[in-house]
Q: 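If you scroll down you'll find the structure; I have some questions about it.
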Amino acid sequence: MLLLQFSTSHYCRKARLALGYKGISYQVQNLTPGLHLLKLKPMTGLTTVPVLVPQLDNQPSVIADSSRIFQFLDAYCPTPPLYFDDPQQQTQTLMLEDWLDESIGTATRFVYYQFRAGAGKQIDPSWSSQVVIQVVRRQYGIDQASAELATQRLKIAFEVLQVWQERPYLVGDRISVADLAAAALLSPLALIPDYRENYPWLFENITRIHQLCGEALPPGLSSQS
């Protein structure tokens, strides 16, 4: 299998966690933002990553979107499962994943890139890094006002996810798509000291999920492993 990705994308990290949890061997092709349009648009009709290319007989040629990749992987390799047979647990899991995808992953992006353009600039002050950061901020309309709204959204998210302080899994008694989505989509916050200090339980769980999936820890946590 081949995963087309941006190396820094937390949505691509989400796909890698699923592949690792399933124990599926795969290769990665890192695309160049902007130029990726020329490759992905003809393949998927979309312009976003991740995109999984199974390279397998009798399987789809490409799967775009991290949630669809989860569904494909669970059908292709049912063990260990990412979903639940219990309808109530399954509904809760799917709602959490969709909320994390559509709301919290976006909020993380806004807070992270606002930080990298300001107080976190010293993490990588190189010209190339700062150009990418400014391009992303313009693309998504990230500024002080929108980042403040995203910060408030994250505060609510941490209240919802506090269950991780009491038990190892967000739903049920094993890993599900909810855990993988949370571990991936909140991982960029590990580079922001205030979040690491105020929510240590969050990053303990992010670390644990990454280790269970055999995925390298995100920046900000790798030195703590």
Side-chain angles (χ1 to χ4, degrees), residues 5-15 17 30-37 40-41 46-50 64-67 94-165 170 177-206 217-222:
Q5 67 162 20
F6 298 152
S7 60
T8 58
S9 166
H10 51 333
Y11 287 92
C12 295
R13 180 176 292 275
K14 181 184 166 195
L17 286 176
N30 290 319
L31 304 181
T32 301
L35 295 178
H36 76 287
L37 304 175
L40 296 188
K41 187 68 173 178
L46 303 173
T47 59
T48 55
V49 289
D65 182 76
S66 61
S67 295
L94 293 175
M95 289 180 65
L96 276 172
E97 189 208 0
D98 183 68
W99 170 66
L100 287 161
D101 268 359
E102 300 301 325
S103 179
I104 305 310
T106 300
T108 297
R109 178 189 289 128
F110 275 56
V111 170
Y112 172 78
Y113 279 101
Q114 184 69 10
F115 170 75
R116 288 295 308 277
K121 186 174 182 179
Q122 72 278 3
I123 292 172
D124 183 356
S126 68
W127 176 83
S128 58
S129 175
Q130 291 304 307
V131 166
V132 170
I133 288 168
Q134 294 307 323
V135 167
V136 171
R137 293 179 75 233
R138 284 197 298 272
Q139 178 181 356
Y140 292 103
I142 299 172
D143 55 23
Q144 185 63 36
S146 61
E148 288 177 358
L149 290 174
T151 299
Q152 295 304 313
R153 195 184 304 172
L154 288 177
K155 287 182 178 179
I156 297 173
F158 298 140
E159 294 177 5
V160 173
L161 298 175
Q162 274 187 343
V163 65
W164 249 357
Q165 288 185 279
L170 292 174
V177 295
D179 298 290
L180 300 189
L185 298 180
L186 291 166
S187 64
L189 301 178
L191 276 174
I192 304 178
D194 285 350
Y195 284 103
R196 290 203 311 273
E197 294 169 7
N198 293 327
Y199 304 98
W201 55 269
L202 173 67
F203 299 102
E204 289 169 4
N205 281 286
I206 289 175
L217 295 178
L221 294 180
S222 56

Q: Quick one about Glu148 and Gln144 (side-chain donor to acceptor, distance below 3.5 Å, no hydrogens or angles considered), yes or no?
A: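 Per modelled atom types, Gln144 and Glu148 side chains form a pair under 3.5 Å.
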
Q: Can you check whether Asp65 reaches Thr48 side chain to side chain, under 4.5 Å on heavy atoms?
A: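 Asp65 vs Thr48: side chains apart.
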
Q: For the residue pair Leu180 and Val177, establish whether any side-chain heavy-atom pair is separated by less than 4.5 Å.
A: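 The answer is no, as the side chains (C-beta and beyond) never meet within the 4.5 Å cut-off.
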
Q: Measuring from Leu161:CG to Asn205:CG, what's the distance to the nearest 0.5 Å?
A: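 It is 9.5 Å, given to the nearest 0.5 Å.
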
Q: Before you tell me yes or no, could you show the steps for Leu154 and Tyr195 under side chain to side chain contact (heavy atoms under 4.5 Å, CB included), namely the whole-Å CA-CA distance, both residues' side-chain angles and the distance that decides it to 0.1 Å?
A: CA-CA 10 Å; Leu154 288 177; Tyr195 284 103; 3.7 Å; yes

Q: What are the two closest heavy atoms between Ala107 and Ala150, and how far apart are they?
A: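 Residues Ala107 and Ala150, closest heavy atoms: O-CB, 3.6 Å.
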
Q: Whether the side chain of Asn198 engages the backbone of Asp194 through a donor-acceptor N/O pair (distance < 3.5 Å, no angle test) should be reported.
A: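 Flag set: sc Asn198 to bb Asp194 pair under 3.5 Å.
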
Q: Return the CZ to OG distance between Arg109 and Ser9, rounded to the nearest 0.5 Å.
A: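 With rounding to 0.5 Å, CZ (Arg109) is 7.0 Å from OG (Ser9).
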
Q: Has Thr151 got a side-chain atom pairing as donor or acceptor with Ala147's backbone, closer than 3.5 angstrom?
A: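 Side chain of Thr151 to backbone of Ala147: a pair is present.
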
Q: Restricting to non-hydrogen atoms, name the atom on Leu185 and the atom on Gly105 that form the minimum distance, rounded to 0.1 Å.
A: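 For Leu185 versus Gly105, the nearest heavy atoms are CB-CA, 4.1 Å.
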
Q: Counting distance only, does the side-chain N/O of His10 pair as donor-acceptor with the main-chain N or O of Ser187 below 3.5 Å?
A: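 No, the answer is negative, given that no donor and acceptor are paired below the 3.5 Å cut-off.
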
Q: Determine, for Glu204 against Arg196, whether the closest basic-nitrogen to carboxylate-oxygen distance falls under 4.0 angstrom.
A: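 Result for this pair is no, no salt bridge flagged.
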
Q: How many angstroms lie between atom CZ of Phe110 and atom OG of Ser146, to the nearest 0.5 angstrom?
A: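 Going from CZ on Phe110 over to OG on Ser146, the span is 5.0 Å.
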
Q: Take Asp101 and Ser67 through the side-chain hydrogen bond (donor to acceptor under 3.5 Å, both in side chains) test and state the conclusion after the steps.
A: CA-CA 9 Å; Asp101 268 359; Ser67 295; 2.8 Å; yes

Q: Quick check for you: to the nearest 0.5 Å, what is the distance between Phe158 atom CZ and Gln165 atom CD?
A: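 Going from the CZ atom of Phe158 to the CD atom of Gln165 covers 11.5 Å.
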
Q: Closer than 3.5 angstrom, by distance alone: can the side chain of Gln130 be matched with the main-chain N or O of Asp124 as a donor-acceptor pair?
A: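 Yes.
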
Q: Considering non-hydrogen atoms only, spot the tightest contact between Gln5 and Asn30 and give its length.
A: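 Heavy atoms of Gln5 and Asn30 come nearest at NE2-OD1, 2.7 Å.
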
Q: Step by step, would you call Leu170 with Trp164 a side chain to side chain contact (heavy atoms under 4.5 Å, CB included)?
A: CA-CA 6 Å; Leu170 292 174; Trp164 249 357; 3.6 Å; yes

Q: Does the pair Trp201 and Gln162 meet the rule for a side chain to side chain contact (heavy atoms under 4.5 Å, CB included), with working shown?
A: CA-CA 8 Å; Trp201 55 269; Gln162 274 187 343; 3.9 Å; yes

Q: What is the minimum heavy-atom distance between Tyr11 and Leu100, and which atoms define it?
A: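 Looks like OH-O, 4.4 Å.
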
Q: Which value, rounded to the nearest 0.5 Å, describes the distance between Ile206 atom CD1 and Asp179 atom CG?
A: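 The distance works out to 11.5 Å.
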
Q: List the atom of Arg13, the atom of Pro218, and the distance in Å for their closest heavy-atom pair.
A: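 The pair with the smallest heavy-atom distance is NH2-CA, 3.5 Å.
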
Q: Side chain to side chain contact (heavy atoms under 4.5 Å, CB included) for Val111 and Ile142? Distances and angles first, verdict last.
A: CA-CA 8 Å; Val111 170; Ile142 299 172; over 6 Å; no

Q: Would you say Tyr112 and Arg116 are linked by a side-chain donor-acceptor pair, where the criterion is simply a distance under 3.5 Å?
A: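 The answer is yes; a qualifying pair exists.
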
Q: Rounded to the nearest 0.5 Å, what's the gap from CG on Leu191 to CG on Leu221? Could you check?
A: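 One finds 8.0 Å between CG of Leu191 and CG of Leu221.
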
